[in-house]
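Notes follow the structure.
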Amino acid sequence: MADGERALFAWMRCTPLWPRCLLVLFVFIYVDGCVAGEETFSAGKSVVHSAAAFSIATDRRYLLYDVNPPEGFNLRRDVFIRMASLMKALLKKGPWVLVLPPWGRLYHWQTPDIYQVRIPWGDFFDLDSLNMNIPVIEYEHFIAESGGPFIEQVYVLQNYAEGWTDGKWEEKVDERPCTEQLMYSKDKQGYYRGWFWGYEETRGLNVTCLSAQGHASIMVPILLKNTTARSVMLDRAETLLHDHYGAKDYWDTRRSMVFAKHLLLVGDEFRSRYLDSNDVDDKTDYNEDWTKQKVRSGYAKGGPYLAVHLRRKDFLWGHREDVPSLPAAVNSIRDIMKKHKLDKVFIATDADDDEQEKLSKLLPEMRRYEPTWEEMELYKDGGVAIIDQWICAHARYFIGTSVSTFSFRIHEEREILGFDPKTTYNRFCGDNEKDCEQPTHWKIVY
């Protein structure tokens, strides 16, 4: 994004709605009169604006989405990949753009006294990289471009109340009565109020419940034939399945989810200062253009340290059988360090203060990224999680926590960087776990 664009969006975030709308209208009219060419879009290329920019902006349709409120940061990243598959199917039929749902109010973001609502995707991810896969815009851009904080049609996705008919699973979607109490209520004007990512002024014009069972692309006929709304939101989008899990389409979207540059720089500085790690020695060269990042499996060497993701808190009661006690985890860590001749260990964990103190006594050589208050305020919990993942992704050897999406995302990052699967797809075993099955290797597809 150019400096001028960054300044524009920064201004829009701090300015009331009506001046923003007037400014964006002026910009589109100006572009309409000054620029020539056709708008095109394909994976690996950014959108090229044209003389028809104004008409395209008014003709194109907006796909918005949200997920079940308790879902965490890394599951939400997975749902984005599903929505990207749906977008690719829609783009074959006409001009659509995916509106990125602002981040905030997540269960694991519990740092007190820090405002963590209405966070744009650009704080965590590189928007230019995302746009090289599918067209995306921030929510505030959508408000300015569409002329107001209104979403014409909200579809609340739900499972079928009767389950699978005769025990058979089939793809289908139908308008049905809502099976749960709606999280939306009508205001005095008859519009629907809801969470809408913390934007209290946003309203839904229509809300409909859909029972859905199938892959994300099952929504294409609904969006093209059942509604003419320009802006359509899919709530509870995690109900839909991946269209091409583990295939090229999946990996194209996953590779496009490049972390924001300022977070990568923080992670790289930590690696260099505390872990004797750098891209040259570690063979982890990273191309900022994800479409040109292609390395063979096993090429990356990694920094001279072990990286650990040790999930605690809700996992202690939610997955007790496959979550180790702290002494057992430390024993596993020491065994790995000895086997691979590593004398440094980096740990990413959500352990509470008491467990962290115990861990530091059991493993005094461990390193953790501990941001200052100013850094925490700047990067927020989501940014700190990304920094942790980036450091873990560059280690000589990684071990994570069973069924944790935080660990899954690190697996993928290491796969992109070209690490040997044997150094990546590993997890802790529970103290009394009989069958400690290790994570599946999902090989990258270019």
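When reading the values below, keep in mind they use all heavy atoms of this one structure, side chains included, and skip hydrogens, waters and symmetry mates. Just so you know, these numbers come straight off a predicted model, no measurement behind them.
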Quick one: do Asp123 and Lys380 make a salt bridge, cutoff under 4.0 Å?
no

Salt bridge present between Arg271 and Glu269 (N-O < 4.0 angstrom)
no

What about Tyr286 and Trp390, are their ring centers closer than 6.0 Å?
yes

The complete set of disulfide (SG to SG under 2.5 Å) pairs with one or both residues in residues 62-140, sequence neighbours excluded, reads none

Report the residues that fulfil side chain to side chain contact (heavy atoms under 4.5 Å, CB included) with Asp249, sequence neighbours left out, ordered by chain and then residue number.
Ser85, Lys88, His244

Quick check: does any side chain N or O of Arg82 sit under 3.5 Å from a backbone N or O of Ala237, one acting as donor and the other as acceptor?
no

Please check if the side chain of Ser146 supplies one atom and the backbone of Phe142 the other of a donor-acceptor pair under 3.5 Å.
yes

Could you tell me whether the side chain of Leu223 reaches within less than 4.5 Å of the side chain of Leu63, counting heavy atoms only?
yes

I need the minimum non-hydrogen distance between Gln158 and Pro177, along with the two atoms involved.
NE2-O, 3.0 Å

Do Arg367 and Tyr274 form a cation-pi contact, if we require the NZ or CZ to be under 6.0 Å from the six-membered ring centre and within 45 degrees of the ring's axis?
no

Using a 3.5 Å distance criterion without hydrogens, assess whether the side chain of Thr424 forms a donor-acceptor pair with backbone atoms of Pro421.
no

Would you give the length of the straight line joining atom CG of Asn68 to atom OG1 of Thr239, rounded to the nearest 0.5 angstrom?
8.5 Å

Before you tell me yes or no, could you show the steps for Phe346 and Phe270 under ring pair (Phe, Tyr, Trp, His ring centres under 6.0 Å), namely the whole-Å CA-CA distance, both residues' side-chain angles and the distance that decides it to 0.1 Å?
CA-CA 11 Å; Phe346 174 80; Phe270 185 94; 5.6 Å; yes

Considering all heavy atoms, the nearest Gly198-Val117 contact
CA-CG1, 3.9 Å

Under a 3.5 Å cutoff, is there a donor and acceptor pairing between the side chains of Thr208 and Gln153?
yes

Can you check whether Phe408's main-chain N or O pairs, donor with acceptor, with Thr405's side chain at less than 3.5 Å?
no

Within 6.0 angstrom of Glu171 CD, more than 12 heavy atoms from elsewhere
yes

Is there side-chain contact between Glu138 and Pro102, with at least one heavy-atom pair below 4.5 Å?
no

Residue among Tyr65, Tyr184, Tyr139, Phe150 satisfying ring-ring contact (aromatic ring centres under 6.0 Å, His included) with Phe196:
Tyr184

Can you list every pair that meets side chain to side chain donor-acceptor pair (under 3.5 Å) and has a residue in residues 92-103, with sequence neighbours left out?
none

Hey, are Tyr62 and Glu152 close enough side-chain-wise for a donor-acceptor pair under 3.5 Å?
no

Tell me, with the steps shown, if Tyr425 and Arg414 meet side-chain contact (heavy atoms from CB on, under 4.5 Å).
CA-CA 9 Å; Tyr425 296 88; Arg414 291 175 64 85; over 6 Å; no

Can any side-chain N or O of Asp174 pair as donor or acceptor with the backbone N or O of Ser211 at less than 3.5 Å?
no

Is the terminal nitrogen or CZ of Lys172 (NZ for Lys, CZ for Arg) located under 6.0 angstrom from the six-membered ring centre of Tyr160 and within 45° of that ring's axis?
yes

Testing the basics here: between Leu86 and Ser217, what is the closest heavy-atom pair and its distance to 0.1 Å?
CD1-CA, 4.2 Å

Between the CG atom in Asp322 and the CZ atom in Arg427, the distance rounded to the nearest 0.5 Å is 5.5 Å

Taking side-chain contact (heavy atoms from CB on, under 4.5 Å) as the criterion, tell me which of Val136, Leu90, Leu64 meets it with Leu98.
Val136

Considering only NZ, NE, NH1 and NH2 on the basic side and carboxylate oxygens on the acidic side, decide whether Asp388 and Arg368 come within less than 4.0 Å.
no

Does the distance from a Lys or Arg side-chain N to an Asp or Glu carboxylate O, for Glu71 and Arg76, drop under 4.0 Å?
no

Heavy-atom pair of closest approach, residues Met376 and Pro371:
SD-CG, 3.8 Å

Side chain of Asn287, backbone of Trp290: donor and acceptor closer than 3.5 Å?
no

Those residues at least two apart in sequence (or on a different chain) that pass side chain to side chain contact (heavy atoms under 4.5 Å, CB included) with Ile416 are Trp251, Arg254, Arg255, Gln293, Glu413, Ile444

Step-by-step side-chain contact (heavy atoms from CB on, under 4.5 Å) determination, Tyr199 to Glu140:
CA-CA 10 Å; Tyr199 286 82; Glu140 296 232 356; 2.8 Å; yes

Is there a donor-acceptor contact under 3.5 Å linking the side chains of Tyr299 and Thr284?
no

Rounded to the nearest 0.5 Å, the CE atom of Met183 sits from the CG atom of Asp66 at a distance of 10.5 Å

Which residues share a side chain to side chain contact (heavy atoms under 4.5 Å, CB included) with Gln189, sequence neighbours left out:
Asp187, Tyr191

Taking the side chain from Ser407 and the backbone from Thr401, do they hold a donor-acceptor pair closer than 3.5 Å?
yes

I'd like to know if Glu200 pairs up with Arg193 as an ion pair, taking the criterion as any Lys NZ or Arg NE/NH1/NH2 lying under 4.0 Å from an Asp or Glu carboxylate oxygen.
no

Non-neighbouring partners of Asn426 that pass side chain to side chain contact (heavy atoms under 4.5 Å, CB included), sequence neighbours left out:
Tyr397, Ile399, Gln438

Return yes if a side-chain donor-acceptor contact under 3.5 Å exists between Asn159 and Gln213, otherwise no.
no

Could you tell me whether the side chains of Asn278 and Ser272 share a donor-acceptor contact shorter than 3.5 Å?
no

For Ala307 against Cys392, the heavy-atom pair lying closest together
CB-CA, 3.6 Å

Is there a ring pair (Phe, Tyr, Trp, His ring centres under 6.0 Å) between Phe124 and Phe73? Walk through the geometry before answering.
CA-CA 11 Å; Phe124 300 142; Phe73 183 49; 5.6 Å; yes

Tyr155: which of Thr227, Asp235, Val207 passes side-chain contact (heavy atoms from CB on, under 4.5 Å):
Thr227

Separation between CG (Asp126) and OG (Ser256), nearest 0.5 Å, reads 10.0 Å

Salt-bridged, Asp78 to Arg409, with N to O below 4.0 Å?
yes

Within the distance-only criterion (no hydrogens, no angle test), does the side chain of Asp243 pair as donor or acceptor with the backbone N or O of Ala216 below 3.5 angstrom?
yes

Over-ring placement of Arg118 relative to Trp197, 6.0 Å and 45° cut-offs
no

Of all heavy-atom pairs linking Gly204 and Val154, the shortest is CA-CG2, 4.4 Å

Test ring pair (Phe, Tyr, Trp, His ring centres under 6.0 Å) applied to Phe80 and Trp121, step by step:
CA-CA 11 Å; Phe80 169 80; Trp121 275 61; 5.1 Å; yes

Please verify the inter-ring angle class for Phe125 with Phe259; under 30° counts as parallel, over 60° as perpendicular, anything in between as tilted.
tilted

Apply the test side-chain contact (heavy atoms from CB on, under 4.5 Å) to residues Tyr379 and Leu263: give CA-CA distance (whole Å), side-chain angles for both, the deciding distance (0.1 Å), then the verdict.
CA-CA 8 Å; Tyr379 307 142; Leu263 300 177; 3.9 Å; yes

Quick check: does any side chain N or O of Gln389 sit under 3.5 Å from a backbone N or O of Ile386, one acting as donor and the other as acceptor?
no

